[in-house]
There are 2 protein chains.
Amino acid sequence: MSKSVYDSLMRPFKHPPLSEFVLERVLYALSDPVRLEIIRRLDEMGEASCGELDGGRPKSSMSHHFRVLRDAGLVQTQNVGTTHMNSLRRDDLNNRFPGLLETILSQHD
Amino acid sequence: MSKSVYDSLMRPFKHPPLSEFVLERVLYALSDPVRLEIIRRLDEMGEASCGELDGGRPKSSMSHHFRVLRDAGLVQTQNVGTTHMNSLRRDDLNNRFPGLLETILSQHD
DNA sequence: CTCATAGTTCGAATAATATCGAATTAACGT
DNA sequence: ACGTTAATTCGATATTATTCGAACTATGAG
């Protein structure tokens with residue numbers, strides 16, 4: 001599911017394995033407006049750096065939110081040069097919680 | 001959607017209208033293990049009193065959790081005699097957030 | 001009317017989160 | 001090496017939640 005090819009690039013961050021995904025933690029991570037917005041943008045954009053997604057918010061705040069999202073298994077972050085590229089762990093999420101991500105992302109207003 | 005017939009029975013509790021449902025609030029309400037369990041039991045049982053769903057937990061704690069669930073629009077509570085009967089606001093939820101409740105309830109482990 | 005039952009509300013203690021500046025780390029360009 | 005950029009970690013503060021006993025409310029039974 002996760003690409004072992006990229007493992008070395010993702011070393012600095014803990015990306016939990018499927019077996020450690022917890023539904024409550026995923027729902028909690030998505031219950032914050034800032035984090036939900038991050039997920040929506042990543043859904044549209046495919047991938048984005050942290051800087052592209054702050055809405056003028058301090059980096060340290062954003063970093064915190066990204067960590068919550070990573071810990072929940074929603075986002076994976078890989079170092080590419082000096083920036084951190086984030087993307088959704090779509091396949092992993094759909095494998096562990098079928099339909100959940102798509103259903104939440106399909107909600108509007 | 002909500003039955004006006006029952007309005008008088010539900011007076012003591014504020015049940016938000018569809019227009020006030022907020023996705024983040026719903027996700028937050030479900031991110032607590034106790035509350036998620038309540039929702040799962042209500043899904044199985046159809047309806048239940050508060051007392052039937054406490055797992056030996058204090059009444060005041062349960063009352064708090066039910067309030068969070070009501071405020072999010074997940075649960076409706078009506079006074080019937082001396083007990084409070086709770087049930088899922090299935091139709092309202094499916095109307096406002098199509099598929100969300102079912103998708104979350106279909107997750108296991 | 002009195003008592004018991006079912007839940008709520010209040011209040012206080014504890015715990016968990018959020019926010020953000022400052023210091024830190026890492027990788028790149030020159 | 002040095003400076004720059006990108007983002008994390010640290011630490012402090014503030015906000016918000018959780019928990020639960022005690023007091024309160026409402027309903028029904030006797």
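Sequence lines set the chain letters: A, B, ... in the order given, protein chains first and strands last, and positions in each chain run from 1. All heavy atoms count here, side chains included; hydrogens, waters and symmetry mates do not. On a predicted model such as this, the values are computed, not experimentally measured, just so you know.
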[atom2] on [Y] to [atom1] on [X], rounded to 0.5 Å:
X: I39(B); Y: L93(B); atom1: CD1; atom2: CG; answer: 8.5 Å
X: L100(B); Y: F21(B); atom1: CG; atom2: CZ; answer: 11.5 Å
X: L101(B); Y: D92(B); atom1: CG; atom2: CG; answer: 11.5 Å

Review point. Residues in side-chain contact (heavy atoms from CB on, under 4.5 Å) with P98(B), at least two apart?
Key: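 Listed in chain order: Q107(A).
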Under 3.5 Å, sequence neighbours excluded: what are the donor-acceptor pairs made by side chains of residues 22-29 of chain A?
none

Show me the donor-acceptor pairs within less than 3.5 Å that the side chains of residues 40-48 of chain B make with the rest of the protein, sequence neighbours left out.
unit_1: D43(B); atom_1: OD1; unit_2: R90(B); atom_2: NH1; d: 2.9
unit_1: D43(B); atom_1: OD1; unit_2: R90(B); atom_2: NH2; d: 3.1

Could you check how far [atom1] of [X] sits from [atom2] of [N], rounded to whole Å?
X: H84(A); N: dC28(C); atom1: NE2; atom2: C1'; result: 13 Å
X: D71(A); N: dT9(D); atom1: CG; atom2: C1'; result: 14 Å
X: N86(A); N: dA6(D); atom1: CG; atom2: P; result: 14 Å
X: M85(B); N: dG7(C); atom1: CE; atom2: C1'; result: 14 Å
X: D32(B); N: dA15(C); atom1: CG; atom2: C1'; result: 13 Å
X: L69(B); N: dG7(C); atom1: CG; atom2: C1'; result: 15 Å
X: M62(B); N: dT19(D); atom1: CE; atom2: C1'; result: 13 Å
X: F66(A); N: dT19(C); atom1: CZ; atom2: C1'; result: 16 Å

Determine all donor-acceptor pairs shorter than 3.5 Å in which one atom belongs to a side chain in residues 60-75 of chain B; sequence neighbours excluded.
unit_1: H65(B); atom_1: ND1; unit_2: R35(B); atom_2: NH1; d: 3.1
unit_1: R70(B); atom_1: NH1; unit_2: T77(B); atom_2: OG1; d: 3.0

Point to revise | salt bridge (Lys or Arg N to Asp or Glu O under 4.0 Å) pairs, two or more places apart, involving residues 78-87 of chain B | key: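 Qualifying pairs: none.
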Exercise for review: Would you state whether a donor and an acceptor, one from the side chain of S60(B) and one from the base of dG21(D), lie under 3.5 Å apart?
Suggested key: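 Present.
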Exercise for review: Output the residues of residues 44-59 of chain B in contact with DNA chain C, where contact means a heavy atom of the residue under 4.0 Å from an atom of the strand; sort by number or write none.
Suggested key: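 Going residue by residue through residues 44-59 of chain B, the ones with a heavy atom under 4.0 Å of DNA chain C turn out to be S49(B), C50(B), G51(B), K59(B).
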Review point. Given dC20(D), dT8(C), dA6(D), which nucleotide is nearest the side-chain atoms of T83(A)?
Key: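 Minimum distance to the T83(A) side chain belongs to dA6(D).
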**Study point:** Residues in side chain to side chain donor-acceptor pair (under 3.5 Å) contact with T103(B), at least two apart in sequence or another chain
**Key:**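 In terms of side chain to side chain donor-acceptor pair (under 3.5 Å), with neighbours along the sequence ignored, T103(B) is linked to T103(A).
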Check your understanding: Under the side chain to side chain donor-acceptor pair (under 3.5 Å) test, which residues partner S49(B), sequence neighbours left out?
Key ->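 By the side chain to side chain donor-acceptor pair (under 3.5 Å) rule, S49(B) matches E52(B).
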Atom pairs under 3.5 Å, N or O on each side, protein against nucleotides 12-17 of chain D: can you list them with distances?
unit_1: dA17(D); atom_1: O3'; unit_2: Y28(B); atom_2: OH; d: 2.5

**Study point:** Degree of bending, the helix from dC1(C)-dG30(D) to dT30(C)-dA1(D) (end axes from five pairs; round to 10°)
**Key:**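 Between the first-five-pair axis and the last-five-pair axis there is 20°.
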Review point. dT19(C) phosphate, OP1 or OP2: any side-chain N/O from H65(A) under 4.0 angstrom?
Key: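 Checking dT19(C) against H65(A), a side-chain N or O does come within under 4.0 Å of OP1 or OP2.
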**Study point:** Closest contact, heavy atoms only, L36(B) versus L30(B)
**Key:**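 It is CB-O, 3.7 Å.
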Review point. Between N94(A) and E102(A), what is the shortest heavy-atom contact and its length?
Key: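 Looking at all heavy atoms of both residues, the shortest contact is ND2-OE2, 3.6 Å.
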Extract from the structure each pairing of a protein N or O with an N or O of nucleotides 24-27 of chain D at less than 3.5 Å, listing the distance.
none

Check your understanding: ring-ring contact (aromatic ring centres under 6.0 Å, His included) with H84(B): which residues, sequence neighbours excluded?
Key ->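 Per chain and number, H84(B) pairs via ring-ring contact (aromatic ring centres under 6.0 Å, His included) with F13(B).
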**Study point:** Along DNA chain C (nearest heavy atom to each residue), the more 5'-positioned of S61(B) and V34(A)
**Key:**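 Counting from the 5' end, the first nearest nucleotide belongs to S61(B).
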